[in-house]
Asker: 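Sharing a structure, written as structure tokens. Questions coming.
Since we're looking at a predicted model, the values are computed, not measured. When reading the values below, keep in mind they use all heavy atoms of this one structure, side chains included, and skip hydrogens, waters and symmetry mates.
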Number of protein chains: 4
Amino acid sequence: MFVFRIDSGSGVPPYLQLVQQVRQAVLLGFLKHGDRLPLIREVAETVAINPNTVAKAYRQLEQEGLVTGRPGTGTFVNETPAATISPATYTSLQRGLETWLGRARAAGLDEQAINALFTAAVNQAKNENIA
Amino acid sequence: MFVFRIDSGSGVPPYLQLVQQVRQAVLLGFLKHGDRLPLIREVAETVAINPNTVAKAYRQLEQEGLVTGRPGTGTFVNETPAATISPATYTSLQRGLETWLGRARAAGLDEQAINALFTAAVNQAKNENIA
Amino acid sequence: MFVFRIDSGSGVPPYLQLVQQVRQAVLLGFLKHGDRLPLIREVAETVAINPNTVAKAYRQLEQEGLVTGRPGTGTFVNETPAATISPATYTSLQRGLETWLGRARAAGLDEQAINALFTAAVNQAKNENIA
Amino acid sequence: MFVFRIDSGSGVPPYLQLVQQVRQAVLLGFLKHGDRLPLIREVAETVAINPNTVAKAYRQLEQEGLVTGRPGTGTFVNETPAATISPATYTSLQRGLETWLGRARAAGLDEQAINALFTAAVNQAKNENIA
DNA sequence: GTGGTCTAGACCACG
DNA sequence: GTGGTCTAGACCACA
């Protein structure tokens with residue numbers, strides 16, 4: 001089953017967090033064609049936000065063509081455009097990240113610092129590309 | 001010089017992005033005690049947002065005690081609480097991340113997919129802690 | 001100035017009527033690049049619906065790429081993809097329709113009957129294409 | 001035989017589309033006193049909607065007095081109030097519309113644009129009446 | 001004062 | 001009982 005997670009301190013609107021999580025899950029293969037998203041009312045209950053907010057997120061996903069809402073039945077994932085990477089390289093990358101995270105945590109970095117390092121690294125690469 | 005970067009598609013309010021970037025820069029040692037932040041007008045111009053928005057970000061940083069605005073002179077970084085990790089482990093972690101990013105990009109992942117992997121890994125660790 | 005019109009008896013959700021009217025206005029050249037749509041609160045007042053409903057319509061138009069909402073300023077029409085027909089043929093067709101409508105009304109048909117004739121004619125053509 | 005047609009992108013609820021189509025057909029003389037509407041199951045199958053939805057449409061038509069359901073036999077059209085226009089002027093108007101539609105299509109207008117022109121013309125007339 | 005988001009609660013169309 | 005829409009009213013980010 002798919003589980004949502006809201007970070008209320010990030011400044012990102014909750015409905016957008018839901019949208020991004022579904023997008024990522026589809027991208028990474030956690031959600032596939034035909035899978036049913038959790039019911040709107042379920043999500044609203046588990047993450048403690050208003051059902052309308054969840055509905056707004058689902059509506060946007062539908063407009064993006066990622067899912068289809070069927071009244072009386074639920075909301076279902078549409079055919080994904082294409083599998084981007086092979087499962088092997090995917091799990092390899094995943095393992096690499098996990099060991100790195102382990103080292104970072106062992107060194108005493110909290111989540112905030114880890115995120116800072118990550119975004120700094122990503123942006124540095126971007127700047128090099130520009131230059 | 002310190003450079004700001006606004007991601008208008010992330011959903012995070014621009015003023016918060018500025019705040020977070022300064023916080024991260026201080027945390028990672030890019031900004032140290034006595035460094036001057038860019039002028040409000042400069043920032044407003046380079047990232048194309050309203051000066052009021054930049055001023056709001058600086059105001060919040062001042063309220064957090066991270067910086068001090070000196071009218072007519074600029075905004076300066078206060079004494080940082082303490083660097084928690086040694087520079088050696090820090091650069092080691094940084095290098096590790098960069099090589100990982102290189103592998104990910106070589107495998108054909110775009111920024112979106114990389115972010116997805118990263119947040120998934122971080123959240124997975126969280127879930128394990130909870131369980 | 002652009003004026004909205006809500007037909008509350010048609011069964012079409014009000015927000016969709018607004019969306020369709022803007023789409024048509026852009027398509028017919030009544031709204032051009034840079035034009036400002038009426039303020040959300042204005043529309044809500046003139047057509048007597050909730051501001052949120054108008055906002056929902058504008059949001060959808062923004063997602064379709066037709067307009068751009070600028071907080072503090074208003075909502076503006078984006079560059080139109082392309083002018084589809086020459087103004088000459090356009091006005092010619094317009095005149096033709098008007099004379100036809102005049103004949104229909106002179107014959108005693110009310111709006112309901114006129115709409116019935118129109119949709120019947122359009123659908124008939126469709127069926128012929130299918131067959 | 002009478003054929004229904006559902007436009008799922010119009011925003012009009014399917015059951016209402018059925019109701020409107022029967023109303024129009026009666027108004028234009030396509031359906032006359034004693035004609036039998038298609039069976040609910042047939043309609044549900046051909047237009048791919050739930051039988052309950054069709055039943056709801058038929059129920060509403062019965063409440064309007066347009067048709068009468070005879071259990072085990074079918075649903076039949078009641079006596080129509082009166083044909084308001086002569087068949088001659090009717091077919092004349094119909095021909096006029098068809099030639100106009102032909103010109104519009106020849107000019108390169110798609111269905112969306114044609115509808116836009118039509119509703120614009122109708123509404124313009126309305127505004128003139130108000131003014 | 002502008003658009004954007006969230007909440008609360010109601011009603012409807014559909015299965 | 002499902003998703004979809006509307007209303008009412010509040011708060012926030014932005015110009």
Side-chain angles (χ1 to χ4, degrees), chain A residues 6 8 11-19 36-44 47-63 67-76, chain B residues 6 8 11-19 44 48-57 60, chain C residues 6 8 11-19 36-44 47-63 67-76, chain D residues 6 8 11-19 44 48-57 60:
Chain A
I6 293 294
S8 54
V12 185
Y15 90 95
L16 247 189
Q17 295 189 34
L18 300 183
V19 170
R36 198 180 79 168
L37 293 185
L39 301 179
I40 289 184
R41 291 156 170 97
E42 277 176 23
V43 178
V47 306
I49 60 178
N50 192 286
N52 286 336
T53 305
V54 185
K56 182 178 181 180
Y58 281 20
R59 222 179 306 137
Q60 173 154 347
L61 287 165
E62 193 164 8
Q63 285 170 346
V67 305
T68 302
R70 284 198 270 276
T73 322
T75 304
F76 298 84
Chain B
I6 294 293
S8 54
V12 185
Y15 91 95
L16 244 189
Q17 293 190 34
L18 300 182
V19 169
I49 60 179
N50 193 289
N52 289 335
T53 305
V54 185
K56 181 176 182 180
Q60 174 155 344
Chain C
I6 294 293
S8 53
V12 186
Y15 90 95
L16 246 190
Q17 295 189 34
L18 299 183
V19 170
R36 198 179 79 169
L37 293 185
L39 300 178
I40 289 184
R41 291 156 170 96
E42 276 176 23
V43 178
V47 305
I49 60 178
N50 191 286
N52 285 336
T53 305
V54 185
K56 182 179 182 180
Y58 280 21
R59 221 179 306 136
Q60 173 154 347
L61 287 165
E62 193 165 8
Q63 285 171 346
V67 305
T68 302
R70 282 198 272 276
T73 321
T75 304
F76 298 85
Chain D
I6 294 293
S8 55
V12 185
Y15 92 96
L16 243 191
Q17 294 190 34
L18 300 183
V19 170
I49 60 178
N50 194 290
N52 290 334
T53 305
V54 185
K56 181 176 182 180
Q60 175 153 345

Asker: Any heavy-atom pair between the side chains of C:Ile40 and C:Asn52 that's under 4.5 Å?
Answerer: no
Asker: Could you work out which one of E:dT5, E:dG3, F:dC6 sits closest to the side chain of A:Asn52?
Answerer: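 Within the option list, the nearest is F:dC6.
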Asker: Considering only side-chain heavy atoms of C:Glu62, which listed nucleotide, E:dC14, E:dG4, E:dC6, is closest?
Answerer: E:dG4
Asker: Between E:dG3, E:dA13, E:dA8, which nucleotide has the shortest distance from any of its atoms to the side chain of D:Pro14?
Answerer: E:dA13
Asker: Between D:Val54 and D:Leu18, what is the shortest heavy-atom contact and its length?
Answerer: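 What the structure gives for the nearest pair is CA-CD1, 4.0 Å.
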Asker: So which nucleotide from E:dT5, F:dT2, F:dC6 ends up closest to the side chain of C:Lys56?
Answerer: F:dC6
Asker: Expressed in angstrom and rounded to an integer, what is the separation of C:Asn50 atom CG from E:dC11 atom P?
Answerer: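 C:Asn50 atom CG is separated from E:dC11 atom P by 16 Å.
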Asker: Take the protein atom CZ of A:Arg70 and the nucleotide atom C1' of F:dG1, then report the distance between them rounded to whole Å.
Answerer: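 For the pair A:Arg70 CZ and F:dG1 C1', the rounded distance is 16 Å.
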Asker: Does F:dT2 have OP1 or OP2 under 4.0 Å away from a side-chain N or O of A:Arg36?
Answerer: no
Asker: Between F:dA13, E:dG15, F:dG3, which nucleotide has the shortest distance from any of its atoms to the side chain of A:Ile40?
Answerer: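 Closest nucleotide among those given: F:dG3.
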Asker: Which pair of non-hydrogen atoms, one from A:Thr53 and one from A:Pro14, has the smallest distance, and what is that distance?
Answerer: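 Minimum heavy-atom separation between A:Thr53 and A:Pro14: CG2-CB, 4.4 Å.
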Asker: Please classify the nucleic acid contact of C:Leu39 as base, sugar-phosphate, or nothing, using heavy-atom distances under 4.0 Å.
Answerer: sugar-phosphate
Asker: Looking only at side-chain N and O atoms, does B:Thr53 come under 4.0 Å of OP1 or OP2 in F:dA13?
Answerer: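 Checking F:dA13 against B:Thr53, no side-chain N or O comes under 4.0 Å of OP1 or OP2.
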Asker: Indicate yes or no: at least one non-hydrogen side-chain atom of A:Arg36 is less than 4.5 angstrom from one of A:Thr75.
Answerer: no
Asker: Could you check how far CD1 of A:Ile49 sits from C1' of E:dT5, rounded to whole Å?
Answerer: 12 Å
Asker: Considering only heavy atoms and no angle criterion, is a donor-acceptor pair shorter than 3.5 Å present between the side chain of C:Arg41 and the base of E:dG3?
Answerer: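 A donor-acceptor contact between them is present.
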Asker: Could you check A:Glu42 against B:Pro51 and say which one's nearest nucleotide on DNA chain F is further toward the 5' end?
Answerer: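 The residue whose closest nucleotide sits nearer the 5' end is A:Glu42.
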Asker: Could you tell me which non-hydrogen atom of C:Tyr58 sits nearest to which non-hydrogen atom of C:Leu37, and how far apart they are?
Answerer: OH-CB, 3.6 Å
Asker: If the cut-off is 4.0 Å, is A:Tyr15 near the phosphate of E:dC6, judged by side-chain N/O to OP1 or OP2?
Answerer: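 For E:dC6, OP1/OP2 do not have a side-chain N/O of A:Tyr15 under 4.0 Å.
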Asker: Expressed in angstrom and rounded to an integer, what is the separation of B:Leu18 atom CG from F:dA13 atom C1'?
Answerer: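 Atom-to-atom, B:Leu18 to F:dA13, this comes out as 13 Å.
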